[in-house]
Amino acid sequence: MARQRPQGVVGHINRERGFGEVADIADTSTARRASSKDANAHAAGSGGALTPLVGVSANQWRALSMRAAEPNGYYLPEWELAVNASAQGRVDTDALGAWHDASSLIGLMPVISMWRAYRIPLPALVSADPYGTLCTPLLDCDMAEEAVTGLLQQARRAGAHALIFRATSLDGAAMKAFTEVLHRGGMQPVVLQSHVRACLDATGDADEVLREALGAKKLKDLRRQRNRLAEHGAVHFDVARTPAEMTTAVEAFLMLEASGWKGQRGTALSQDDGDAAFVRRATSALAATGQCEIVTLRAGETPVAAAIVLRHQDRAFYFKLGVDERFAKFSPGVQLTLELTRYLCADPAIRLVDSTAAADHPMINPIWRGRLAIGDVLIPLRRGDPVVSLIRAALRLRGVIREPVRRIVHFVRARQEKS
């Protein structure tokens, strides 16, 4: 006998969205009262349904990205649509959108269900993982609070009781707009966890930046390593910018990334056909808009390190680094990062570079001494909603269970990444 769906908003949500049957978990009259208005809105028409990410107009999305209050290279349409098309575990994403009128997209947040993100069957929407560690939503700089209001309304119509932003900038314009709108409704965002990560103030002189960060002795040691690397061929720093250049450069990057510990661990991009297809498509598409480069350090004709760099407005994002570990004693990843620092500091279009690295990353932290506050944030959608308390408790329990394992994995990876 088929199981009967519960009544109310949760019963209207497709279980594949992951909201589950929250009545089985929190059967409270208060929760039902909080949901009744949204259930009616959802039943009234298709406006309550989430939009598949592929259904968002790429032209309107691109126009929004140009007006975004806060840059996020990982939520550019060329990047996120490539992720959504084939990246392992990241396909079939939905979107929350906010509109000023039928032709003006003013807010966008790619989302997945809480079930899909955490295997927790509660009615929340979670920012989709764009393969980079930044999920700050795109908001129109001139209508940021209107955009926030629209995103929250659509999330309510879709049956969610909360939004969860993973890896989001805590001090930027986007979070400020969400905080202002929530305060007017008697609510506030809840920071679930936070950390700081390395960034580069690219408005300074590169030599001064590096000297202050590393000191004369360390720079001398690195110059000595570079001179020894030059014994294998003249050392030069190449930048691939055009789609044609990208075709060759991305293959060198994929080869380098798979040649080291990431390949041994089975997490290199080229080891999954979908991941490799995503990165080839994304880098080529963004090169066509001038928003992606692949930087490569070579000794003669041999690539020893390569990295992907995204650009959005006045910010750059240091995506992934691949090195040839046969040259590990020359610190190829560090040598490439030094060249990248000089390159970006000399570019007047770039003011800040986000490392998008883990907290306390052993390679980038000593070089880039700026810090960005990043965290996971819970956004309640209704004042005094007990389901939000359940969501917080479930996430807290999950964290307690996973934290010891996470610490061990982080320790092992940090030791592997030191080169």
Side-chain angles (χ1 to χ4, degrees), residues 50-87 89-99 104-112 117 125-141 143-144 147-148 150-152 154-155 163-178 197 199 278-279 281-283 285-292 308-320 352-356 372 374-377 379:
L50 293 171
T51 303
L53 194 66
V54 294
V56 178
S57 163
N59 288 336
Q60 291 165 351
W61 186 349
R62 195 170 296 113
L64 171 61
S65 73
M66 295 174 65
R67 306 188 308 271
E70 188 173 353
N72 183 355
Y74 298 120
Y75 277 167
L76 291 170
E78 292 81 4
W79 182 270
E80 178 61 4
L81 287 172
V83 170
N84 186 66
S86 66
R90 295 169 173 87
V91 301
D92 298 328
T93 297
D94 289 314
L96 290 177
W99 300 81
S104 182
L105 181 67
I106 61 172
L108 181 73
M109 178 182 171
V111 291
I112 58 175
L125 291 168
V126 182
S127 56
D129 178 358
Y131 226 117
T133 54
L134 188 66
C135 298
T136 303
L138 300 180
L139 306 175
D140 190 301
C141 61
M143 293 177 279
V148 168
L151 294 175
L152 299 182
Q154 190 185 6
L163 298 177
I164 299 168
F165 298 163
R166 299 185 286 187
T168 295
S169 170
L170 296 180
D171 299 327
M175 189 50 57
K176 179 180 178 181
F178 273 93
R197 69 183 180 209
C199 67
F278 132 66
V279 79
R281 170 179 163 175
T283 52
L286 283 172
T289 65
Q291 292 176 297
C292 181
I308 295 173
V309 178
L310 306 185
R311 291 170 173 255
H312 185 199
Q313 297 179 355
D314 63 354
R315 192 167 297 189
F317 302 85
Y318 195 0
F319 177 51
K320 282 185 178 288
L352 184 78
V353 189
D354 185 348
S355 70
T356 67
L372 287 175
I374 302 294
D376 296 347
V377 182
I379 305 292

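Please read these numbers as outputs of a predicted model, since none were measured by experiment.
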### Message
If the condition is side chain to side chain contact (heavy atoms under 4.5 Å, CB included), which residues does Ala95 pass it with, not counting sequence neighbours?
### Response
Leu53, Val56, Leu108
### Query
Taking only residues two or more places apart in sequence or in another chain, which ones pass side chain to side chain contact (heavy atoms under 4.5 Å, CB included) with Arg281?
Leu81, Ala82, Ala85
### Within-4.5 Å side-chain heavy-atom neighbours: Ser104 and Ile106
yes
### Query
Would you call Tyr74 and His312 a side-chain contact if the rule is heavy atoms closer than 4.5 Å?
no
### Query
Does Ile308 reach the side chain of Thr283, with side-chain heavy atoms less than 4.5 Å apart?
yes
### Message
Please find the pair of heavy atoms, one from Val83 and one from Val91, that lie closest to each other, and give the distance.
### Response
O-CG1, 4.1 Å
### Non-neighbouring partners of Ala144 that pass side chain to side chain contact (heavy atoms under 4.5 Å, CB included), sequence neighbours left out
Leu139, Ala177
## Note on the structure
Here the salt bridge (Lys or Arg N to Asp or Glu O under 4.0 Å) pairs for residues 125-141, sequence neighbours left out, are Arg67-Asp140, Arg90-Asp129
### Task
Give a yes or no answer on whether the side chain of Thr136 reaches the backbone of Ser169 with a donor-acceptor pair at less than 3.5 Å.
yes
### Task
Under the ring-ring contact (aromatic ring centres under 6.0 Å, His included) rule, collect the residues that match up with Phe278, sequence neighbours excluded.
Trp79, Tyr131
### Main-chain N/O of Arg166 paired with Ser127 side-chain donor or acceptor, under 3.5 Å
yes
#### Entry: Contacts of Ala167 that satisfy side chain to side chain contact (heavy atoms under 4.5 Å, CB included) - sequence neighbours left out
Ile374
### Query
Which heavy atom in Leu372 sits nearest to a heavy atom in Leu352, and how many Å separate them?
CD2-CD2, 4.1 Å
### Query
If you measure from OG1 on Thr93 to CD1 on Ile112, what distance do you get to the nearest 0.5 Å?
6.5 Å
